[in-house]
Protein chains: 2
Amino acid sequence: MSTATPPLRLEPFKVACSNCNLRELCLPVGMSNDQLLKLDTLVSTRRTVQRGDTLFRSGEAFQSLYAVRTGFFKTCVASEDGRDQVTGFQMAGELLGLDGIGTERHTCDAVALEDSQVCIIPFHQLEDLSREVSDLQRQFHRIMSREIVRDHGVMLLLGSMRAEERLAAFLLNLTQRLQSRGFSASELILRMTREEIGSYLGLKLETVSRTFSKFQDEGFLEVKQRQIRILDQDGLQRLVNGANC
Amino acid sequence: MSTATPPLRLEPFKVACSNCNLRELCLPVGMSNDQLLKLDTLVSTRRTVQRGDTLFRSGEAFQSLYAVRTGFFKTCVASEDGRDQVTGFQMAGELLGLDGIGTERHTCDAVALEDSQVCIIPFHQLEDLSREVSDLQRQFHRIMSREIVRDHGVMLLLGSMRAEERLAAFLLNLTQRLQSRGFSASELILRMTREEIGSYLGLKLETVSRTFSKFQDEGFLEVKQRQIRILDQDGLQRLVNGANC
DNA sequence: CGCTGTGTTGAAGGATGTCAATTACCGTGG
DNA sequence: CCACGGTAATTGACATCCTTCAACACAGCG
């Protein structure tokens, strides 16, 4: 009771990358079974994060990366004057904490948007192992690079797209990631509020809501609060590509 | 004459990280002399890029990272429909090409904004060496992580700041980086057009121009085309922090 | 069953974009 | 050295998209 300030739930059992159904999406990609066993020794702990709780906060010392095992997160950065910006949404198989490597401090908050579980990846041990296992090294570099590419895509979105295009791109991106995790390509439940979507897309929540309604009126979507059914994926794709201009 | 399609200028002489005046800003940070000698064997070639020429283009095979030795670059991504977005400006000591690691293809264009020189860093050799030299590994990871953090900062800017705040933040960032390279904190010459600034900041060139004029009227800057003199750095900083709201 | 957080919708205003005219600058060639 | 042409930058007037403010609806939960 009197130990850690935030009451962590650690689960030191049954954790093994070698046996994880996310291994085709996560850090283990491209590794042999032998190599995976080495990774298992490193990734030995999970942590449960309740909906609304933070996995880490900006300013905290950086120790580990986290792989989302189940659930859904957002990351957000804050400027000095209190504005904040959602920089991403993370789902199963995606890594959290890469921002902390550079300064040994986290530079954003990671908040669970539903009850979630993450695997803890002690970073310095990961660096050690990736000096031995070049396939691990390669995959880790790929993941970081892809994060940079993703960020560039968000910049493109924020810098040059209009509200409809932004929301369409956002939805297509979400469904694509869900689909590669075995979920439906056409039905999804949003785990975030309109405000969080708006923050990510550089829009106000009212604009997000209006745009959802517009998409519904135009037959692209069926929207019931956070339940979304995509009726015309191609239409959304055309929107993103600016075919309406 | 009939060799390479883009006429590359390679300069295989006199290249040595161990002896480079940028080593406190670049990949060698934190490495011992012994380690630097190993890095020298890897980074043995430079390339000259004329103003307006591209160092690499989106879609090209990724082989190497590039460290800016002299000059100035922009990177831009393009969407399918031709819109494009400047994702960054790079100056001496900064790395180009990190986006290409994930897919083995470059995902953006890198264009020299003035006559420039880069050091070529063959990436797979860098991976090999960074498995031997943990200080190199660590610095490389730091650099990638900081790029992610930088991108998050740009998202914050694009997603939640108004035109004046964006331009002020941009100018402060530029001068800070120039200052850490030994240049004046108050005088700078912009190497990019208003349109390129606008693309980076998610604004139209006219808005950039108007905002420069406004800053001049309000006594923050002296603007003569691309020559900028900063008269009130604190005022700009206050703008960024939203003190005027 | 009412409270609270979330989402929707309308009307009005404001910041930025668009279009167009003018000016400044720079390299080139007379 | 100066004239010229083309690119870049500035500025104004107007249009548009998004935000702001406000009222209301809905859902989940004590």
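Naming convention: chains lettered A, B, ... in sequence-line order (proteins, then strands); numbering from 1 in each chain. This one's a predicted model, so the numbers in the text were calculated from it and none came from an experiment.
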Rounded to whole Å, how long is the line connecting atom [atom1] of [X] with atom [atom2] of [N]?
{"X": "B:Arg210", "N": "D:dT11", "atom1": "CZ", "atom2": "C1'", "answer": "7 Å"}
{"X": "A:Arg162", "N": "D:dT19", "atom1": "CZ", "atom2": "P", "answer": "13 Å"}
{"X": "B:Lys224", "N": "C:dC25", "atom1": "NZ", "atom2": "C1'", "answer": "14 Å"}
{"X": "B:Phe212", "N": "D:dT11", "atom1": "CZ", "atom2": "P", "answer": "13 Å"}
{"X": "B:Lys204", "N": "D:dA8", "atom1": "NZ", "atom2": "P", "answer": "16 Å"}
{"X": "B:Phe215", "N": "D:dA9", "atom1": "CZ", "atom2": "P", "answer": "17 Å"}
{"X": "B:Leu203", "N": "D:dC17", "atom1": "CG", "atom2": "C1'", "answer": "15 Å"}
{"X": "B:Lys214", "N": "D:dT11", "atom1": "NZ", "atom2": "C1'", "answer": "15 Å"}

Heavy-atom count check: over 12 atoms from other residues, nucleotides or ligands less than 6.0 Å from [X] [atom1]?
{"X": "A:Glu114", "atom1": "CD", "result": "yes"}
{"X": "A:Gln216", "atom1": "CD", "result": "yes"}
{"X": "A:Arg51", "atom1": "CZ", "result": "no"}

Flag side-chain contact, heavy atom, 4.5 Å: [X] against [Y]:
{"X": "B:Phe220", "Y": "B:Lys214", "result": "no"}
{"X": "B:Leu158", "Y": "B:Gln85", "result": "yes"}
{"X": "A:Glu94", "Y": "A:Leu25", "result": "no"}
{"X": "B:Met91", "Y": "B:Val68", "result": "no"}

Item to complete: Look at the side chain of B:Glu206 and decide which nucleotide, out of C:dA20, D:dA13, C:dT9, has an atom nearest to it.
Response: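 Between C:dA20, D:dA13, C:dT9, the one nearest the side chain of B:Glu206 would be C:dA20.
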Worksheet item: Given C:dT18, C:dA15, D:dT19, which nucleotide is nearest the side-chain atoms of A:Thr207?
Response: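 The nucleotide sitting nearest to the side chain is D:dT19.
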Worksheet item: Any idea how B:Phe56 and B:His106 line up, ring-wise: parallel (<30°), tilted (30 to 60°), or perpendicular (>60°)?
Response: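 B:Phe56 vs B:His106 ring planes: parallel.
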Practice prompt. Specify whether B:Phe72 and B:Phe89 have parallel, tilted or perpendicular ring planes, treating 30° as the upper limit for parallel and 60° as the lower limit for perpendicular.
Written response: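 Parallel.
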Worksheet, complete the sentence: Heavy-atom contacts, protein to nucleotides 1-7 of chain C, under 4.0 Å, summarised as B (base), S (sugar-phosphate only) or - (none) per nt, yield -----SS
Worksheet item: What is the bend of the helix from C:dC1-D:dG30 to C:dG30-D:dC1 when you compare the axis at one end with the axis at the other, using five pairs each and rounding to 10°?
Response: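 Here the local axes at opposite ends form an angle of 30°.
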Discussion item. Distance check, rounded to the nearest 0.5 Å: B:Cys76 atom SG versus A:His152 atom NE2?
Written reply: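 The distance works out to 11.0 Å.
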Fill in: Point-to-point distance, once rounded to the nearest 0.5 Å, from CE of A:Met144 to CG of A:Leu98
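Taking CE in A:Met144 and CG in A:Leu98, the distance rounds to 4.5 Å.
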Discussion item. For a quick check of understanding: with a heavy-atom distance under 4.0 Å over all strands, which category does B:Gly198 fall into, base, sugar-phosphate or nothing?
Written reply: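 Counting heavy atoms under 4.0 Å across all strands, no contact is made by B:Gly198.
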Discussion item. Quick check on contacts: within residues 70-81 of chain A, what sits under 4.0 Å from DNA chain C by heavy-atom distance?
Written reply: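 Under 4.0 Å from DNA chain C: no residue of residues 70-81 of chain A.
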